[in-house]
Amino acid sequence: MDVEQRTARYGRIVEQLRALFAGTTDPVARMATAAAVLHAKMPGFFWTGWYLLRDGALTVGPYQGSLACLVLKAHTGVCWDALDRGASTIVPDVHAFPGHIACDSRSRSEIVVPLRDSAGAIVGVLDVDSEALARFDDADRDGLEAVAALIFA
Ligand code: SME
């Protein structure tokens with residue numbers, strides 16, 4: 001699927017989620033729904049889910065895919081990198097990322113985008129892993145940031 005097709009698909013997913021989210025403002029319901037829709041509709045998504053800041057720890061939230069780590073060691077790995085920098089992180093080859101936390105050895109590339117609440121504070125991240133190398137690019141970053149922006153909208 002080329003960049004244009006992926007961008008168009010993210011656009012349709014955002015519209016679908018916007019309509020679904022009219023049903024509730026509950027962030028857990030919205031995160032679970034977003035994970036289900038993204039995981040089913042985007043090719044190459046091996047693990048799709050959220051990690052949430054709970055008392056300073058990044059703790060797993062709603063997700064789709066194989067069993068994942070429940071709590072991530074602080075300030076280590078890709079999720080913490082995005083959280084600490086306050087910006088999305090794209091990792092083409094997780095084996096080349098120092099400190100990467102391997103919840104499942106099949107993951108080869110990864111993207112993490114920050115999740116912000118309605119006041120703009122970072123409260124967690126949206127994390128997607130793929131079994132393919134270099135699966136994620138700027139089109140995925142833009143699409144996933146648009147999805148994350150809907151959770152507290
Ligand atoms: N690889 C992540 C940990 C979470 S799993 O990919 C589901 C990291 O390095 O933060």
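Note that ligands are numbered from 1 as they come in the structure, with each ligand's atoms numbered from 1 the same way. Along the sequence shown, residues carry numbers from 1.
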In ligand 1, which numbered atoms sit nearer than 4.0 Å to a non-hydrogen atom of [X]?
| X | answer |
| --- | --- |
| C79 | 8 (C), 10 (O) |
| C103 | 3 (C), 4 (C), 5 (S), 7 (C) |
| W47 | 7 (C) |
| D127 | 4 (C), 5 (S), 6 (O), 7 (C) |

Below a 4.0 angstrom heavy-atom separation, can you tell me which part of Y51, side chain or backbone, both or neither, approaches ligand 1?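 It is the side chain that gets close, since no backbone atom is under 4.0 Å.
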Relative to ligand 1, is V112 under 4.0 angstrom through side chain, backbone, both or neither, heavy atoms considered? neither
What residue and heavy atom of the protein are closest to [atom], and at what distance?
| atom | value |
| --- | --- |
| atom 8 (C) of ligand 1 | V78 N, 3.3 Å |
| atom 1 (N) of ligand 1 | I101 O, 2.7 Å |
| atom 2 (C) of ligand 1 | E110 OE2, 3.0 Å |
| atom 6 (O) of ligand 1 | D129 OD2, 2.6 Å |

For ligand 1 and G77, I'd like to know whether there is a polar contact (N/O to N/O, distance under 3.5 Å). no
With nothing but distance in play, are any N or O atoms of T76 less than 3.5 Å from an N or O of ligand 1? no
Close aromatic pair by centroid cut-off 6.0 Å: F45 and F136: yes
Would you please indicate yes or no on a ring centroid separation below 6.0 angstrom for Y63 and W47?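 Judged by ring-centre distance (under 6.0 Å), W47 and Y63 do meet the cut-off.
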Taking C-beta and beyond as the side chain, do R141 and I90 meet within less than 4.5 Å on heavy atoms? yes
I111 vs R135 side-chain heavy atoms within contact, under 4.5 Å: no
On the 0 to 90° scale, with breaks at 30° and 60°, tag the H75-W80 ring pair as parallel, tilted or perpendicular.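 Judged by the thresholds at 30° and 60°, the geometry between H75 and W80 is tilted.
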Do R6 and D137 meet the salt-bridge criterion of a basic N to acidic O distance under 4.0 Å?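 R6 and D137: salt-bridged.
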Is the shortest side-chain N to carboxylate O distance from E15 to R12 below 4.0 Å? no
Go through it in stages, so that I can follow the logic: the residues are L53 and V123, the test is side-chain contact (heavy atoms from CB on, under 4.5 Å), and I'd like the CA-CA distance, side-chain angles, deciding distance and then a yes or no. CA-CA 5 Å; L53 269 178; V123 294; 5.5 Å; no
